[in-house]
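These notes are about the structure you will find just below.
Just so you know, these numbers use all the heavy atoms, side chains as well, and skip hydrogens, waters and symmetry mates. For ligands, and for the atoms within them, numbers begin at 1 and follow the listed sequence.
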Amino acid sequence: MTAQRTHARTQVGIVGAGPAGLMLSHLLSLAGIESVVIETRTREDIEATIRAGILEQGTVDVMVSTGVGNRLLDTGSRHDGIEIRFGGESHRVDLASSAGRSVHLYPQHEVLRDLIAARLAADGDIRFSTSEVSLHGVTGTEPVIHFTDADGRPAELHCDLIAGCDGAQGTAKWSIPDSRRTDHFRAYPHGWFGILAEAPPSSKELIYAHSARGFALISSRTPAVQRMYFQCDPTEDADSWSDNQIWDELQSRVAGSGSPLNEGTIFQRGVIPMRSYVCDPMQHGRLFLAGDAAHTVPPTGAKGLNLAISDAVVLAQALERFFGTGHADLLEGYGRTAAQRVWRAQHFSWWMTSMLHLAPDTGDFDRHRQLAELDQITGSAAGRALLAEGYTGHPIAHTNPRSVVSEALRLTAGRRP
Ligand code: DHB
């Protein structure tokens, strides 16, 4: 006998408890709008998955002003600059003086822990460990999410609108028919070999290195744990490398002037693919995509999480207007507004990737061209400003000045961490 489906109703059904879904649910709750988050992973899995760690100034401002920034301010660290190494020399780009903004190093899973804690403290409804999630009736006025709950019972959630925040592998976007959807896609001929190592930091700021052997990035997680990456073949098997080979590769890529690279015990490794993707449009009927569900960027510059947060901010403003006044104008314009910032970040991530990586067809001419570009970007005030503006993040659109997030940002403006 098939079990009876349980029925529930909410204003906004959110598929996915990643940065976009959780931030959206958090902002909606501050505005008095109900939501339910449906997630297939466990809470433990979400809180333990290691991703990038750079928060743009706008992301920090949103977190701090909406009450989820305390741990970020206590344990994250503000970075006012980055180091670019090329031709064996180290060049610092001062973000604060070049763009008037900074970034914070604070890992993505910590952001998720903060958002989950805030939602649960406010009696928020997050359904972890669900399965068989599917969307129905997204072009009608009452779309429905079908899913199987953590206890194996079939359930339906009826909503006014659905936010598809189910990440790059998610299925929400497939509810936009092929005839209405354009998939803008690019694959890169390299991946990133990423490691976590128990070691002291090598530098107070991140090091992005261009070398004759390819790109490397030296980042950090805590004073005792460092995160490092180097460009590799996308099909590389991380387990086939010895620790010595990994250190030799990293050392050779960051060699030259500047602080030496500290080695330590490698306790996690893996290869990250590099792709760019934008789903066009980002909405269909009453389905609105946000975060990686709508777009993917290559990791260079760490824009993924930041775009998820800015999408959530733009969508929350539109939903607040819709539920507060009945006007759907901002909702109708959501995809267009969000996509403008998404494409700027796409360009930035592609640009940093192309400037710093060697592709199989990168010849001598291209390498000299890259070095000239890096020389110009680090050696002129205009170049540094361009890099710093993109790196610290373009402004997030304020389409609804009366929204809680706009109010909160106004109240905390001038108290920039
Ligand atoms: C990290 C990742 C990035 O892609 C980046 O550009 C900077 C930092 C990180 O994991 O720390």
I want to know if ligand 1 touches [X] in the polar sense, i.e. an N/O pair below 3.5 angstrom.
| X | result |
| --- | --- |
| G301 | yes |
| R221 | yes |
| Y229 | yes |
| S220 | no |
| P299 | yes |
| Y208 | yes |

Among I46, L24, L22, exactly one meets side chain to side chain contact (heavy atoms under 4.5 Å, CB included) together with L115. Which residue is that?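 Single pass found, and it is L22.
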Is any NZ, NE, NH1 or NH2 atom of the basic residue among E47 and R43 found under 4.0 Å from an Asp or Glu carboxylate oxygen of the other?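 Yes, E47 and R43 are salt-bridged.
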Between E407 and R402, does at least one N-O distance fall below 4.0 Å, as a salt bridge requires?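 Salt bridge: no.
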How about S102 and D80: does a side-chain donor come under 3.5 Å of a side-chain acceptor?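 On atom types as modelled, these side chains qualify, holding a pair under 3.5 Å.
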If we count only N and O atoms by modelled type, under 3.5 Å, do the side chains of T392 and R101 hold a donor and an acceptor together?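 The criterion, which ignores hydrogens and geometry beyond distance, is satisfied for R101 and T392.
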How about H91 and F86: are their ring centroids closer than 6.0 Å?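 Close enough - the centres of the two rings lie under 6.0 Å apart.
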Can you check whether F348 and W343 have ring centres sitting under 6.0 Å from each other?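 No: the rings miss the under 6.0 Å criterion.
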Could you see which bit of W192 sits under 4.0 Å from ligand 1, with heavy atoms only: side chain, backbone, both or neither?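 The answer is the side chain of W192.
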Trace of the side chain to side chain donor-acceptor pair (under 3.5 Å) decision for D233 with H190: CA-CA 5 Å; D233 189 281; H190 21 256; over 6 Å; no
In ligand 1, which numbered atoms sit nearer than 4.0 Å to a non-hydrogen atom of [X]?
| X | value |
| --- | --- |
| L206 | 7 (C), 8 (C) |
| I54 | 7 (C), 8 (C) |
| G53 | 9 (C), 10 (O), 11 (O) |

In this structure, does ligand 1 have an atom that sits under 4.0 Å from one of the heavy atoms of M352?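 Checking ligand 1 against M352, which is what was asked, there is no heavy-atom contact under 4.0 Å.
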Considering only non-hydrogen protein atoms, determine which one is nearest to atom 11 (O) of ligand 1 and report residue, atom name and distance to 0.1 Å.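 Atom 11 (O) of ligand 1 sits closest to the protein heavy atom S219 OG, 2.6 Å.
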